[in-house]
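See below for the structure under consideration.
All chains are named by letter (A, B, ...) in the order of the sequence lines, taking the proteins before the strands, and each is independently numbered beginning at 1.
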Amino acid sequence: MNAPTIAITLPDGTTLEVPRGSTPRDVAERIGPGLARAALAAEVNGEMVDLDRELEEDAALRILTQRDDEALPLLRHSTAHVLATAVRELHPEARIGFGPAIEEGFYYDFGVEEPFTPEDLSAIERKMAEVVESDHPFERRVVTKEEARELFSDDPLKLERLEEFEDEEVISVYRDGPFLDLCLGPHVPSTGRIGHFRLLSAAGAYWRGDERREMLQRIYGTAFFSGNDLDAHLKRLEEAKRRDHRVLGRELDLFTMDSRVGSGLILWQPAGSVIRREIEDFEQELILRHGYEIVYTPHVVSEKLFEISGHLENFAENMFGAMEVEGGRFRPKPMNCPGHICIYQAAQRSYRELPIRYAEFGTVYRYERSGVLHGMLRVRGFTQDDAHVFCTEEQVSDEVRRLFDLVDEMLATFGYPYTIALATRPEKSLGSEEQWDRAEGDLRSVLEARGLEYELDEGGGAFYGPKLDFQLIDAIGRKWQGPTVQLDFNLPERFGLEYVGDDNERHRPVMLHRVLVGSMERFIGGLIEHYAGAFPLWLAPEQVRILPVSEQWTESAQELVTSLTEAGIRARLEDRDTLGYRIREAETRKVPYMGVIGEREAGDGTVAVRRRGGGKKQDVMPRGEFIERLTEEVRSRARG
RNA sequence: GCUCUGGUAGCUCAGUGGUAGAGCGCUUCCUUGGUAAGGAAGAGGUCGAGGGUUCAAUUCCCUCCCAGAGCUCCA
């Protein structure tokens, strides 16, 4: 016979005896009225549940309030239900799809005849406020499949989902006021707990993400516990828009596109080319110091190469079509690795040569569907800072260690913090278990030896080897794909790579693919947004603009421009229009330094230096000192 | 590729069934300036392309091209 009470263990280790069938809300009230008021949901034995779920057994319990990390997704999911509630009030015919919380908010998909207009969104938002005002409780009910079929008889999309439930699965539905949804939960106690939300956009989305299925209309929104958090989020969205690399790219003449050239193909203007060349020079210097050798491979190669590499089999849908030349078929390369392998195979390799590290700024072409193209971030032609390391299995961990040194130096220069994910063996994979264990162990031990935190992406590796992914965090907290290190057991096999060991036997080397920036296009697109177009001195296309106060000081100003140019500084004279106008122009062009030359400066050989964004503040200094300071700032690649 | 939205001057955008406008930029002239816009004049448009309706289409309709927001996918 069950005892009449159960023991509830709280996070601080204390235990409460409560009657069987008590709810987390009861427990919260036992702990204190403040907590009871703040409570949103609970975690029982690691499972998230509603506050009024009855507890039948001893359990570990944690009351969730808005201070807990899990609370925000909960709030957003509940807000999605409020959205659906409002849509159903205004458009009773709308069929309901799914409405989950996502990283920055939530969405809900609806089957409607006409897409939602901005006016619809406003009306829906107002209706949502009414739903919140009504403070409907979220009520959970467990139903049988048969009951559920009845309840959702008018909701074909829900019925489809319903049929996928296994017989023994618990089917729960949630009601808030007039709206009923098939939902796993949990939810906040009532719609009144939802305070600060905003609908952001509407767009088409395939039912269940399948492009062969019907297109539904998705409404995106976000929600927060406090108005301040919502405002901060909306400001961040504004800020992201302000930093859009496509807008800044045009304003600053960094890059352009031309439909005559083709979609997804970047034309680098001189200013953007300066940035790219500086980064390439920096990286080249870096990798030469780290023992790489630079190679070059052709852009168009025989299709036979991609038969051997397997690209034709596995990557064809991302490759440009073949061109026929004298009966042979050729393709623009989508990756650089096969070419590097051929260079490796140009000679018989001895263990004494390994590791061999080939690097190339290799331009590759990939077919991307027109709808996915986006500025410089998603293109059809891009240049990878690609490298391939051929080494023995024993050398892998040392090579990975060296890569970390490279990555650290590289990313610190741009001011990117980063996170790391280790992606391990997927279900379908190539190579022996020992090989994988060893490779993953190598990666792991390097991470641990460095004391680096990392996420584990279980089963996220490619079929041909585990990998490390670095994610960059930019100036406004967004994540970008950064360096990757990929072990490859496949290509050495396919190409039959060999080296002669100290035992005079032939062995198979391991191959590492790695990129630091990934693609120059994507990286620089991201960098434009990271710096909001205000590049540090070493990258700035124009580093100094020299402004004579009036034309009579042009000659003196020109002398300074010449000295700067001779010192390797990108400097330009600007002497038309008024000084105020030219200063404004230099500021909007985000030139890091302005040097003003007037009667005083021309007289005593100084320059009045004004820093970008520094307002009226100016620093008068001897010209030699100015040049020295700039040279040092460039040399150290200061982040400025 | 799909859904939706859009395409008017170099850029950002307004506008109309009777062959077109603003601001910025550009050119020229005046102004010779001291730290985020001195003044004036001027040039610049096949109103994305093709077809249809109409006395008349940049405007209404259809097709196509291009771009954007999503979906799916990726460096």
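- Judged by closest nucleotide on RNA chain B, A:Pro115 is the one of A:Leu579 and A:Pro115 placed further toward the 5' end.
- Using the Watson-Crick or G-U wobble rule with both distances under 3.5 Å, B:G34 pairs with nothing in any strand shown.
- Nearest-nucleotide assignment on RNA chain B puts the 5′-proximal partner with A:Ser201, out of A:Val379 and A:Ser201.
- Residue side chain A:Tyr220 fails the stacking definition with respect to B:G70, as its ring centre and the base's six-membered ring centre are not both under 5.5 angstrom apart and under 30 degrees in plane angle.
- Side-chain to base pairing of A:Tyr367 with B:G1: no donor and acceptor N or O lie closer than 3.5 Å to each other.
- A donor-acceptor contact under 3.5 angstrom links the side-chain atoms of A:Glu601 to the base of B:G34.
- Side chain A:Arg522 to base B:C74: a donor-acceptor pair is found below 3.5 Å.
- In this structure, A:Phe315 and A:His311 have perpendicular ring planes: the angle between them is above 60°, well past the 30° mark.
- With no hydrogens or angles considered, a side-chain donor-acceptor pair links A:Tyr108 and A:Asp181 at under 3.5 Å.
- With hydrogens and angles ignored, no donor-acceptor pair under 3.5 angstrom links the side chain of A:Glu587 to the base of B:A37.
- Few gaps surround CD on A:Glu317; more than 12 heavy atoms of other groups in view lie less than 6.0 Å from it.
- Nucleotide B:A22 forms a Watson-Crick or G-U wobble pair with B:U12, both donor-acceptor distances falling under 3.5 Å.
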